[in-house]
Amino acid sequence: MTIRVIIVDDQAMVRAGFAALLSAQPDIDVVGEAPDGREGVAVARSTHPDVVLMDVRMPEMDGLAAAREILSPPPGIVHLPKVLMLTTFDVDDYVYEALRAGASGFLLKDAPPADLIGAVRVVAAGEALLAPSVTRRLIADFAASRPAPRRDRTLRLKGLTPRETEVLELIARGLSNQEIAGRLVLAEQTVKTHIGRVLAKLDLRDRAQAVIFAYESGVVTPGDA
């Protein structure tokens, strides 16, 4: 199945470069482009892409606001693409908020071409793109401003088994599935099963939301990792 992609970035050369790279893949079709967030929302609603590559900083409407509009549409709009944020910086203030808004992850603009192609495929398949090293930096960046644990989230944790809570904690600490398997002496497939149950019980869409939930519910606190 072909993955439909749109590219939203205020730099024409970036859009052209990404479009050329992605269009060369047999399973990816670039179906639209936009120079700012506002136009990006319109293009997303008219082309129904599977993945939106969204720059963080843009004129007219930044990537965060655009991601919110795309992922929380008005009644009558049922198509919800995956949003992959693009940033020039290792950690950007907007990225955390974009993940909370429902974005599936983020990628540095200077990542190798193979990483961009792989990221589109990963996100299109319904997985979150949060590299462990990036997760750790993201968490550290917001350590000082982390809000107190939210009671509603704390109550939802009671539905998890001790093992599932442990897996959630390790996800939030930035461990990959393979690293979690090694830490808990489990098969990697078993770890994937636990993660699936955690997401289902907590009504979370992907790993990105699980990281945020873990910190907002107090399962893990910055600095104790």
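Just so it is clear, the model here is predicted, and its values are computed rather than measured. Residue numbers count from 1 along this sequence.
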Q.
Run the side-chain contact (heavy atoms from CB on, under 4.5 Å) test on Arg121 and Gln25 for me, step by step, so that the C-alpha distance in whole Å, both residues' side-chain angles and the decisive distance to 0.1 Å come before the verdict.
A. CA-CA 11 Å; Arg121 290 172 177 154; Gln25 308 308 308; 3.5 Å; yes

Taking all non-hydrogen atoms of both residues into account, name the closest pair between [X] and [Y] and its distance.
X: Met58; Y: Gly37; answer: CE-N, 3.6 Å
X: Pro74; Y: Arg45; answer: CD-NH2, 3.5 Å
X: Leu160; Y: Glu164; answer: CA-OE1, 3.5 Å
X: Glu39; Y: Ala34; answer: C-CB, 3.8 Å
X: Ala119; Y: Leu84; answer: CB-CD2, 3.7 Å
X: Pro59; Y: Asp36; answer: O-CB, 3.3 Å

Take Val43 and Val8, measure what side-chain contact (heavy atoms from CB on, under 4.5 Å) needs, and give me the verdict at the end.
-> CA-CA 9 Å; Val43 173; Val8 185; over 6 Å; no

Would you mind listing every ring pair (Phe, Tyr, Trp, His ring centres under 6.0 Å) that reaches into [range], with sequence neighbours excluded?
range: residues 36-84; result: His48-His79
range: residues 50-75; result: none
range: residues 5-47; result: none

Rounded to the nearest 0.5 Å, what separation is found between the [atom1] atom of [X] and the [atom2] atom of [Y]?
X: Leu186; Y: Glu166; atom1: CG; atom2: CD; value: 8.5 Å
X: Ile70; Y: Leu80; atom1: CD1; atom2: CG; value: 10.0 Å
X: Arg183; Y: Arg173; atom1: CZ; atom2: CZ; value: 8.0 Å
X: Met1; Y: Asp27; atom1: CE; atom2: CG; value: 10.0 Å
X: Lys201; Y: Leu199; atom1: NZ; atom2: CG; value: 12.0 Å
X: Ser23; Y: Ile7; atom1: OG; atom2: CD1; value: 7.0 Å

Can you check side-chain contact (heavy atoms from CB on, under 4.5 Å) on Lys82 and Val52, steps first, answer last?
CA-CA 6 Å; Lys82 306 296 184 182; Val52 177; over 6 Å; no

[X] vs [Y] side-chain heavy atoms within contact, under 4.5 Å:
X: Arg163; Y: Leu184; value: yes
X: Val56; Y: Asp62; value: no
X: Glu69; Y: Met61; value: yes
X: Leu53; Y: Ile6; value: no
X: Ile180; Y: Ile171; value: yes
X: Met54; Y: Leu86; value: no
X: Ile3; Y: Val120; value: yes
X: Asp50; Y: Pro81; value: no

Applying side chain to side chain donor-acceptor pair (under 3.5 Å) to Asp10 and not counting sequence neighbours gives none

side-chain contact (heavy atoms from CB on, under 4.5 Å) between Leu157 and Leu168: does it pass, once the steps are laid out?
CA-CA 10 Å; Leu157 285 171; Leu168 175 61; 3.8 Å; yes

For Leu21, the side chain to side chain contact (heavy atoms under 4.5 Å, CB included) test, sequence neighbours excluded, returns Pro113, Leu116, Ile117

- Can you list every pair that meets side-chain hydrogen bond (donor to acceptor under 3.5 Å, both in side chains) and has a residue in residues 108-118, with sequence neighbours left out?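 Listed once each, the pairs are Asp9-Lys109, Asp55-Lys109.
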
If only atom types and distance count, is the side chain of Arg4 paired as donor or acceptor with the main-chain N or O of Val30 below 3.5 Å?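 Not at all, since once roles are kept as given, no pair shorter than 3.5 Å links the two residues.
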
Is it the case that over 12 heavy atoms from other parts of the model lie below 6.0 angstrom from the CD atom of Gln178? no

